[in-house]
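Every number for a ligand or one of its atoms is a count from 1 in the order of the listing. This chain uses plain numbering: 1 for the first residue, then up along the sequence.
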Amino acid sequence: MAHPSVPVVPALKDELDIVIPTIRNLDFLEQWRPFFQPYHLIIVQDGDPTKTIRVPDGFDYELYNRNDVNRILGPKASCISFKDSACRCFGFLISKKKYIFTIDDDCFVAKDPSGKDINALAQHINNLLTPSTPFFFNTLYDPYRDGADFVRGYPFSMREGAPTAISHGLWLNIPDYDAPTQLVKPRERNTRYVDAVMTIPKGTLFPMCGMNLGFNRELIGPAMYFGLMGDGQPIGRYDDMWAGWCAKVICDHLGLGVKTGLPYIWHSKASNPFVNLKKEYKGIYWQEDIIPFFQSVSLPRECTTVQKCYVELSKLVAEKLGHVDPYFQKLSDAMVTWIEAWDELNTPSQAASETKTSPVNTK
Ligand SMILES: O=c1ccn([C@@H]2O[C@H](COP(=O)(O)OP(=O)(O)O[C@H]3OC[C@H](O)[C@H](O)[C@H]3O)[C@@H](O)[C@H]2O)c(=O)[nH]1
Ligand SMILES: [Mn+2]
(Lines give C-alpha, C1' and ligand atoms only; values in the text may rest on other atoms or scores of the structure.)
(Ligands and ions follow the chains in the order given, each with its own letter.)
Protein backbone atom coordinates (compact mmCIF):
# COMPACT_ATOMS: atom_id res chain seq x y z
CA MET A 1 0.00 0.00 0.00
CA ALA A 2 1.56 3.31 -1.10
CA HIS A 3 2.09 5.80 1.72
CA PRO A 4 -0.36 8.72 1.14
CA SER A 5 2.37 11.38 1.35
CA VAL A 6 4.68 9.65 -1.14
CA PRO A 7 3.62 10.38 -4.74
CA VAL A 8 3.09 7.23 -6.79
CA VAL A 9 5.41 7.24 -9.81
CA PRO A 10 3.66 5.79 -12.88
CA ALA A 11 5.20 2.46 -13.94
CA LEU A 12 8.08 2.80 -16.44
CA LYS A 13 7.55 6.57 -16.52
CA ASP A 14 11.07 7.23 -17.80
CA GLU A 15 11.55 3.93 -19.60
CA LEU A 16 8.68 4.04 -22.08
CA ASP A 17 7.81 6.17 -25.12
CA ILE A 18 4.34 6.41 -26.64
CA VAL A 19 4.58 6.48 -30.46
CA ILE A 20 1.68 7.96 -32.46
CA PRO A 21 1.58 8.08 -36.27
CA THR A 22 -0.71 10.85 -37.40
CA ILE A 23 -2.12 13.00 -40.17
CA ARG A 24 -4.50 14.94 -37.92
CA ASN A 25 -4.70 17.04 -34.75
CA LEU A 26 -4.27 14.95 -31.62
CA ASP A 27 -7.37 15.96 -29.68
CA PHE A 28 -7.86 12.26 -28.90
CA LEU A 29 -5.14 12.67 -26.28
CA GLU A 30 -7.58 14.57 -24.04
CA GLN A 31 -9.37 11.32 -23.26
CA TRP A 32 -6.05 9.55 -22.56
CA ARG A 33 -4.63 12.40 -20.46
CA PRO A 34 -5.03 10.65 -17.06
CA PHE A 35 -3.04 7.68 -18.37
CA PHE A 36 -0.61 9.22 -20.88
CA GLN A 37 0.32 12.61 -19.44
CA PRO A 38 3.25 11.36 -17.33
CA TYR A 39 4.86 9.73 -20.37
CA HIS A 40 6.93 11.08 -23.25
CA LEU A 41 5.25 11.02 -26.65
CA ILE A 42 6.95 10.58 -30.02
CA ILE A 43 4.62 11.89 -32.70
CA VAL A 44 5.39 10.85 -36.27
CA GLN A 45 3.62 13.29 -38.57
CA ASP A 46 2.88 11.67 -41.92
CA GLY A 47 1.93 13.39 -45.16
CA ASP A 48 2.44 17.11 -45.75
CA PRO A 49 5.23 18.33 -43.42
CA THR A 50 4.06 21.93 -43.77
CA LYS A 51 0.77 21.08 -42.05
CA THR A 52 0.65 21.95 -38.34
CA ILE A 53 -0.44 19.18 -36.01
CA ARG A 54 -2.11 20.48 -32.84
CA VAL A 55 -1.14 18.69 -29.65
CA PRO A 56 -3.14 19.45 -26.47
CA ASP A 57 -1.20 21.42 -23.83
CA GLY A 58 0.51 19.62 -20.99
CA PHE A 59 2.02 16.70 -22.90
CA ASP A 60 5.76 16.12 -23.10
CA TYR A 61 6.45 15.25 -26.73
CA GLU A 62 8.75 15.41 -29.69
CA LEU A 63 7.30 15.62 -33.18
CA TYR A 64 8.98 14.42 -36.37
CA ASN A 65 7.69 15.17 -39.86
CA ARG A 66 8.99 13.88 -43.20
CA ASN A 67 11.62 16.63 -43.38
CA ASP A 68 12.98 15.44 -40.02
CA VAL A 69 13.01 11.82 -41.18
CA ASN A 70 14.95 12.79 -44.31
CA ARG A 71 17.33 15.03 -42.36
CA ILE A 72 18.08 12.43 -39.68
CA LEU A 73 18.31 9.33 -41.88
CA GLY A 74 19.61 10.83 -45.13
CA PRO A 75 19.48 8.18 -47.90
CA LYS A 76 18.34 5.58 -45.36
CA ALA A 77 15.03 7.49 -45.10
CA SER A 78 14.02 5.44 -48.16
CA CYS A 79 13.11 2.59 -45.81
CA ILE A 80 10.52 4.68 -43.93
CA SER A 81 7.07 4.60 -45.60
CA PHE A 82 5.28 7.78 -46.59
CA LYS A 83 1.50 8.27 -46.53
CA ASP A 84 0.92 5.10 -44.53
CA SER A 85 0.74 4.39 -40.79
CA ALA A 86 3.86 2.28 -41.33
CA CYS A 87 5.76 5.55 -40.76
CA ARG A 88 5.31 4.90 -37.03
CA CYS A 89 8.38 2.68 -37.01
CA PHE A 90 10.50 5.82 -37.31
CA GLY A 91 9.36 6.53 -33.76
CA PHE A 92 10.61 3.11 -32.68
CA LEU A 93 13.95 3.89 -34.33
CA ILE A 94 14.47 7.35 -32.81
CA SER A 95 13.33 6.42 -29.30
CA LYS A 96 15.96 5.78 -26.65
CA LYS A 97 13.68 4.02 -24.24
CA LYS A 98 13.41 0.35 -23.28
CA TYR A 99 9.68 0.07 -23.97
CA ILE A 100 7.34 1.33 -26.66
CA PHE A 101 3.56 1.66 -26.73
CA THR A 102 2.06 2.64 -30.07
CA ILE A 103 -1.54 3.71 -30.63
CA ASP A 104 -3.56 5.15 -33.49
CA ASP A 105 -5.19 8.56 -33.15
CA ASP A 106 -8.71 7.14 -33.63
CA CYS A 107 -8.36 4.85 -30.64
CA PHE A 108 -10.00 5.96 -27.41
CA VAL A 109 -10.38 4.77 -23.83
CA ALA A 110 -12.67 1.71 -23.68
CA LYS A 111 -14.71 0.64 -20.66
CA ASP A 112 -14.56 -2.81 -19.09
CA PRO A 113 -17.82 -4.72 -18.31
CA SER A 114 -18.05 -2.96 -14.94
CA GLY A 115 -18.04 0.39 -16.74
CA LYS A 116 -14.55 1.35 -15.54
CA ASP A 117 -12.19 3.16 -17.92
CA ILE A 118 -9.45 0.82 -19.14
CA ASN A 119 -5.89 2.04 -18.68
CA ALA A 120 -4.58 0.24 -21.74
CA LEU A 121 -1.02 1.47 -21.12
CA ALA A 122 -0.91 0.02 -17.61
CA GLN A 123 -2.15 -3.35 -18.89
CA HIS A 124 0.49 -3.44 -21.65
CA ILE A 125 3.15 -2.63 -19.06
CA ASN A 126 1.93 -5.48 -16.89
CA ASN A 127 1.90 -7.83 -19.89
CA LEU A 128 5.48 -6.83 -20.76
CA LEU A 129 6.81 -7.07 -17.21
CA THR A 130 5.46 -10.58 -16.60
CA PRO A 131 6.73 -13.71 -18.37
CA SER A 132 5.14 -15.50 -21.33
CA THR A 133 4.47 -19.24 -21.78
CA PRO A 134 5.29 -19.96 -25.46
CA PHE A 135 6.55 -23.50 -24.90
CA PHE A 136 3.55 -25.09 -23.15
CA PHE A 137 -0.01 -23.73 -23.24
CA ASN A 138 -1.61 -22.88 -19.89
CA THR A 139 -5.36 -23.58 -20.19
CA LEU A 140 -6.17 -21.05 -17.48
CA TYR A 141 -4.52 -18.46 -19.73
CA ASP A 142 -2.10 -16.00 -18.05
CA PRO A 143 -0.73 -17.88 -15.00
CA TYR A 144 1.04 -14.79 -13.65
CA ARG A 145 -2.20 -12.83 -13.27
CA ASP A 146 -3.75 -12.34 -9.83
CA GLY A 147 -6.27 -15.11 -9.20
CA ALA A 148 -4.76 -17.51 -11.74
CA ASP A 149 -1.86 -19.98 -11.82
CA PHE A 150 -0.44 -22.90 -13.72
CA VAL A 151 -2.89 -25.77 -13.98
CA ARG A 152 -2.26 -29.39 -13.01
CA GLY A 153 0.08 -31.10 -15.48
CA TYR A 154 2.02 -27.97 -16.28
CA PRO A 155 5.71 -28.92 -15.96
CA PHE A 156 7.32 -27.16 -13.01
CA SER A 157 10.56 -26.93 -14.99
CA MET A 158 8.72 -24.61 -17.41
CA ARG A 159 6.93 -22.36 -14.94
CA GLU A 160 9.60 -19.64 -15.00
CA GLY A 161 8.30 -18.79 -18.48
CA ALA A 162 10.06 -16.66 -21.12
CA PRO A 163 10.72 -12.90 -21.31
CA THR A 164 7.81 -11.08 -22.96
CA ALA A 165 8.78 -9.13 -26.08
CA ILE A 166 5.38 -8.06 -27.43
CA SER A 167 1.98 -7.23 -25.92
CA HIS A 168 -0.80 -7.17 -28.54
CA GLY A 169 -3.99 -5.43 -27.47
CA LEU A 170 -7.46 -5.63 -29.01
CA TRP A 171 -10.30 -3.31 -29.97
CA LEU A 172 -13.95 -2.78 -29.08
CA ASN A 173 -16.35 -1.20 -31.60
CA ILE A 174 -14.57 -1.16 -35.01
CA PRO A 175 -12.62 -4.45 -35.32
CA ASP A 176 -9.46 -4.56 -37.41
CA TYR A 177 -11.02 -6.39 -40.37
CA ASP A 178 -9.56 -6.55 -43.87
CA ALA A 179 -11.40 -4.75 -46.68
CA PRO A 180 -13.38 -7.74 -48.05
CA THR A 181 -14.71 -8.50 -44.57
CA GLN A 182 -15.47 -4.81 -43.96
CA LEU A 183 -17.37 -4.71 -47.27
CA VAL A 184 -19.62 -7.66 -46.48
CA LYS A 185 -20.08 -6.73 -42.81
CA PRO A 186 -20.11 -2.92 -42.80
CA ARG A 187 -22.13 -2.63 -39.59
CA GLU A 188 -20.41 -5.32 -37.56
CA ARG A 189 -19.06 -4.03 -34.28
CA ASN A 190 -17.01 -5.92 -31.72
CA THR A 191 -18.92 -5.85 -28.44
CA ARG A 192 -17.28 -8.93 -26.95
CA TYR A 193 -14.95 -8.19 -24.07
CA VAL A 194 -12.86 -11.30 -23.40
CA ASP A 195 -11.14 -11.02 -20.04
CA ALA A 196 -7.96 -12.91 -20.99
CA VAL A 197 -4.29 -12.50 -21.88
CA MET A 198 -2.74 -15.43 -23.75
CA THR A 199 0.74 -16.27 -24.98
CA ILE A 200 0.82 -17.14 -28.66
CA PRO A 201 2.49 -20.56 -28.74
CA LYS A 202 5.94 -21.00 -30.26
CA GLY A 203 5.67 -21.95 -33.93
CA THR A 204 2.37 -20.14 -34.42
CA LEU A 205 2.08 -16.94 -36.43
CA PHE A 206 -0.56 -14.28 -35.77
CA PRO A 207 -1.90 -11.13 -37.50
CA MET A 208 -0.31 -8.30 -35.48
CA CYS A 209 -2.30 -5.07 -35.49
CA GLY A 210 -0.36 -1.88 -34.82
CA MET A 211 -3.14 0.24 -33.38
CA ASN A 212 -2.84 -0.91 -29.75
CA LEU A 213 0.60 -2.48 -29.33
CA GLY A 214 3.36 -2.59 -26.76
CA PHE A 215 6.81 -4.08 -27.01
CA ASN A 216 10.17 -4.32 -25.29
CA ARG A 217 12.43 -2.32 -27.62
CA GLU A 218 15.60 -3.85 -26.17
CA LEU A 219 14.36 -7.41 -26.76
CA ILE A 220 12.73 -7.09 -30.21
CA GLY A 221 12.98 -3.48 -31.41
CA PRO A 222 15.14 -4.13 -34.53
CA ALA A 223 12.49 -6.57 -35.83
CA MET A 224 9.65 -4.04 -35.53
CA TYR A 225 10.14 -2.61 -39.02
CA PHE A 226 6.80 -1.85 -40.64
CA GLY A 227 8.02 -2.38 -44.19
CA LEU A 228 7.58 -0.43 -47.42
CA MET A 229 3.94 0.67 -47.68
CA GLY A 230 1.89 3.59 -48.98
CA ASP A 231 3.19 6.15 -51.47
CA GLY A 232 5.04 4.56 -54.38
CA GLN A 233 4.46 1.02 -53.10
CA PRO A 234 2.17 -1.70 -54.52
CA ILE A 235 0.69 -2.53 -51.11
CA GLY A 236 -0.61 -0.91 -47.94
CA ARG A 237 -2.15 -1.98 -44.62
CA TYR A 238 0.23 -4.89 -44.33
CA ASP A 239 2.78 -2.87 -42.34
CA ASP A 240 1.99 -4.28 -38.93
CA MET A 241 1.33 -7.73 -40.37
CA TRP A 242 4.82 -7.87 -41.89
CA ALA A 243 6.42 -6.69 -38.66
CA GLY A 244 4.41 -9.23 -36.67
CA TRP A 245 5.41 -12.16 -38.86
CA CYS A 246 9.10 -11.20 -38.81
CA ALA A 247 9.04 -10.50 -35.08
CA LYS A 248 7.25 -13.74 -34.19
CA VAL A 249 9.70 -16.03 -36.03
CA ILE A 250 12.55 -14.16 -34.36
CA CYS A 251 10.90 -14.36 -30.93
CA ASP A 252 10.46 -18.11 -31.46
CA HIS A 253 14.13 -18.43 -32.43
CA LEU A 254 15.39 -16.38 -29.46
CA GLY A 255 12.98 -17.87 -26.89
CA LEU A 256 10.91 -14.72 -26.37
CA GLY A 257 7.16 -14.46 -25.77
CA VAL A 258 4.30 -12.69 -27.53
CA LYS A 259 1.01 -12.06 -25.71
CA THR A 260 -2.39 -11.12 -27.08
CA GLY A 261 -5.68 -10.14 -25.45
CA LEU A 262 -6.18 -7.42 -22.85
CA PRO A 263 -6.09 -4.44 -23.03
CA TYR A 264 -8.93 -3.24 -25.20
CA ILE A 265 -9.18 0.22 -26.71
CA TRP A 266 -12.25 1.74 -28.38
CA HIS A 267 -11.54 1.96 -32.11
CA SER A 268 -13.78 4.75 -33.31
CA LYS A 269 -13.28 5.18 -37.04
CA ALA A 270 -13.82 2.69 -39.83
CA SER A 271 -11.59 3.58 -42.71
CA ASN A 272 -13.03 3.38 -46.21
CA PRO A 273 -13.26 -0.29 -47.28
CA PHE A 274 -12.96 0.57 -50.97
CA VAL A 275 -9.78 2.57 -50.37
CA ASN A 276 -8.56 -0.23 -48.12
CA LEU A 277 -9.25 -2.84 -50.81
CA LYS A 278 -7.05 -0.96 -53.28
CA LYS A 279 -4.25 -0.91 -50.67
CA GLU A 280 -4.67 -4.52 -49.54
CA TYR A 281 -5.63 -6.56 -52.57
CA LYS A 282 -2.12 -7.70 -53.55
CA GLY A 283 -1.43 -8.60 -49.94
CA ILE A 284 -4.57 -10.75 -49.82
CA TYR A 285 -3.21 -13.16 -52.42
CA TRP A 286 0.51 -12.65 -51.72
CA GLN A 287 -0.03 -13.76 -48.13
CA GLU A 288 -0.94 -17.23 -49.38
CA ASP A 289 2.77 -17.46 -50.27
CA ILE A 290 4.08 -15.27 -47.44
CA ILE A 291 2.60 -17.34 -44.61
CA PRO A 292 4.06 -20.69 -45.79
CA PHE A 293 7.39 -18.86 -46.16
CA PHE A 294 7.39 -17.66 -42.54
CA GLN A 295 6.17 -21.08 -41.37
CA SER A 296 9.18 -22.64 -43.11
CA VAL A 297 11.77 -20.18 -41.76
CA SER A 298 14.55 -21.76 -39.71
CA LEU A 299 17.19 -19.33 -38.50
CA PRO A 300 20.76 -20.59 -37.96
CA ARG A 301 22.14 -21.00 -34.41
CA GLU A 302 24.71 -18.28 -35.16
CA CYS A 303 21.87 -15.76 -35.27
CA THR A 304 22.10 -14.76 -31.63
CA THR A 305 20.90 -11.16 -31.88
CA VAL A 306 17.73 -9.63 -33.36
CA GLN A 307 19.82 -7.77 -35.92
CA LYS A 308 21.55 -10.95 -37.10
CA CYS A 309 18.21 -12.75 -37.28
CA TYR A 310 16.66 -9.87 -39.21
CA VAL A 311 19.44 -9.63 -41.79
CA GLU A 312 19.28 -13.40 -42.28
CA LEU A 313 15.51 -13.10 -42.71
CA SER A 314 15.98 -10.37 -45.31
CA LYS A 315 18.14 -12.75 -47.36
CA LEU A 316 15.48 -15.46 -47.14
CA VAL A 317 12.79 -12.96 -48.20
CA ALA A 318 14.72 -12.15 -51.39
CA GLU A 319 15.50 -15.80 -52.06
CA LYS A 320 12.12 -17.37 -51.31
CA LEU A 321 9.64 -14.56 -52.13
CA GLY A 322 11.48 -12.79 -54.95
CA HIS A 323 9.60 -14.95 -57.47
CA VAL A 324 6.24 -13.71 -56.16
CA ASP A 325 6.91 -10.08 -57.09
CA PRO A 326 9.94 -7.76 -57.55
CA TYR A 327 8.56 -5.87 -54.53
CA PHE A 328 10.09 -8.46 -52.21
CA GLN A 329 13.61 -7.73 -53.41
CA LYS A 330 12.98 -4.05 -52.64
CA LEU A 331 11.58 -5.02 -49.26
CA SER A 332 14.56 -7.25 -48.55
CA ASP A 333 16.91 -4.37 -49.30
CA ALA A 334 14.83 -2.03 -47.14
CA MET A 335 15.03 -4.49 -44.25
CA VAL A 336 18.81 -4.26 -44.39
CA THR A 337 18.68 -0.44 -44.62
CA TRP A 338 16.43 -0.42 -41.54
CA ILE A 339 18.94 -2.45 -39.54
CA GLU A 340 21.76 -0.16 -40.68
CA ALA A 341 19.71 2.84 -39.57
CA TRP A 342 18.84 1.13 -36.28
CA ASP A 343 22.48 0.37 -35.48
CA GLU A 344 23.60 3.83 -36.60
CA LEU A 345 21.08 5.64 -34.38
CA ASN A 346 21.45 3.33 -31.46
CA THR A 347 25.21 3.46 -31.08
CA PRO A 348 25.96 5.95 -28.27
CA SER A 349 28.15 8.37 -30.28
CA GLN A 350 25.75 8.85 -33.20
CA ALA A 351 22.58 8.90 -31.17
CA ALA A 352 23.74 11.79 -28.97
CA SER A 353 24.43 13.94 -32.01
CA GLU A 354 20.84 13.77 -33.31
CA THR A 355 19.08 17.11 -32.93
CA LYS A 356 15.38 17.75 -33.41
CA THR A 357 13.92 20.52 -35.55
CA SER A 358 10.81 20.49 -33.39
CA PRO A 359 11.80 21.56 -29.87
CA VAL A 360 11.04 18.97 -27.21
CA ASN A 361 7.89 20.24 -25.54
CA THR A 362 7.66 20.04 -21.80
CA LYS A 363 4.57 20.21 -19.68
O1 LIG B 1 -1.49 7.99 -44.58
C2 LIG B 1 -1.69 7.82 -43.37
C3 LIG B 1 -2.95 7.38 -42.85
C4 LIG B 1 -3.14 7.24 -41.50
N5 LIG B 1 -2.11 7.49 -40.64
C6 LIG B 1 -2.28 7.32 -39.19
O7 LIG B 1 -2.26 5.92 -38.96
C8 LIG B 1 -3.24 5.56 -37.97
C9 LIG B 1 -4.22 4.59 -38.59
O10 LIG B 1 -4.99 5.28 -39.53
P11 LIG B 1 -6.59 5.00 -39.62
O12 LIG B 1 -7.15 4.82 -38.26
O13 LIG B 1 -7.17 6.08 -40.47
O14 LIG B 1 -6.65 3.66 -40.45
P15 LIG B 1 -7.16 2.21 -40.02
O16 LIG B 1 -7.64 1.52 -41.25
O17 LIG B 1 -8.11 2.22 -38.87
O18 LIG B 1 -5.74 1.60 -39.57
C19 LIG B 1 -5.57 0.22 -39.41
O20 LIG B 1 -5.12 -0.39 -40.60
C21 LIG B 1 -3.89 0.17 -41.11
C22 LIG B 1 -2.79 0.06 -40.07
O23 LIG B 1 -2.38 -1.27 -39.88
C24 LIG B 1 -3.24 0.65 -38.75
O25 LIG B 1 -2.32 0.42 -37.70
C26 LIG B 1 -4.55 0.00 -38.35
O27 LIG B 1 -5.01 0.63 -37.19
C28 LIG B 1 -3.84 6.88 -37.49
O29 LIG B 1 -3.16 7.29 -36.32
C30 LIG B 1 -3.61 7.83 -38.66
O31 LIG B 1 -3.50 9.20 -38.25
C32 LIG B 1 -0.86 7.89 -41.10
O33 LIG B 1 0.08 8.10 -40.30
N34 LIG B 1 -0.69 8.04 -42.46
MN1 LIG C 1 -8.34 3.40 -37.25
Minimum distance, heavy atoms only, to atom 17 (O) of ligand 1: which one of Lys279, Lys83, His267, Glu280 is it?
His267
Of the listed options Leu213, Asp240, Ile103, closest to atom 23 (O) of ligand 1 (non-hydrogen atoms)
Asp240
Any heavy atom of Asp106 under 4.0 Å from ligand 1? The part involved is side chain
Please state which protein non-hydrogen atom is closest to atom 22 (C) of ligand 1 and give its distance, to 0.1 Å?
Ser85 OG, 3.3 Å
So which protein heavy atom does atom 2 (C) of ligand 1 come closest to, and at what separation?
Asp46 OD2, 3.5 Å
Distance filter under 4.0 Å to Cys87 heavy atoms, resulting ligand 1 atoms:
33 (O)
Would you call Gln45 a ligand 1 contact, heavy-atom distance under 4.0 Å?
no
Could you find the nearest protein heavy atom to atom 4 (C) of ligand 1 and give me its residue, atom name and distance?
Ile23 CD1, 4.0 Å
Check whether Tyr225 reaches the backbone of Ile339 with its side chain - one donor and one acceptor, N or O, closer than 3.5 Å.
no
State the atoms of ligand 1, each with its element, that fall below the 4.0 Å cut-off from a heavy-atom position in Asp84.
1 (O), 2 (C), 34 (N)
Who's closest to atom 26 (C) of ligand 1 heavy-atom-wise, of Asp104, Thr22, Thr102, Asp178?
Asp104
Pairwise side-chain contact, Pro163 with Leu219, heavy-atom cut-off 4.5 Å (strictly under):
yes
Give the name of the N/O/S atom in Asp106 that lies closest to the Mn ion (ligand 2).
OD2
Other residues, nucleotides, ligands: >12 heavy atoms within 6.0 Å of Phe293 CZ:
yes
Ligand 1 and Pro21, any nitrogen or oxygen pair closer than 3.5 angstrom?
yes
Provide, to 0.1 Å, the distance between atom 31 (O) of ligand 1 and the closest protein heavy atom, together with that atom's residue and name.
Asp105 OD2, 2.6 Å
Heavy atoms, side chains only, cut-off 4.5 Å: are Pro131 and Tyr144 in contact?
yes
N/O/S atom of His267 inside 2.8 Å of the Mn ion (ligand 2), strictly under
yes
Side chain to side chain, Asn67 and Arg71, heavy atoms closer than 4.5 Å:
no
So, regarding Asn276 and ligand 1 (criterion: nitrogen or oxygen to nitrogen or oxygen, under 3.5 Å), is there a contact or not?
no
Hey, looking at atom 15 (P) of ligand 1, which of Ser271, Pro273, Pro207, Ala243 has the closest heavy atom?
Ser271
Residues, nucleotides or ligands: over 12 heavy atoms within 6.0 Å of Lys278 NZ:
no
Considering only heavy atoms, which of Arg237, Met241, Lys269, Met229 lies nearest to atom 11 (P) of ligand 1?
Lys269
Atom 25 (O) of ligand 1: nearest protein contact (heavy atom, Å):
Arg88 NH2, 2.9 Å
For the residue pair Ile166 and Leu213, establish whether any side-chain heavy-atom pair is separated by less than 4.5 Å.
yes
Check whether any side-chain N or O of Thr199 sits under 3.5 Å from a backbone N or O of Pro134 as a donor-acceptor pair, and report yes or no.
no
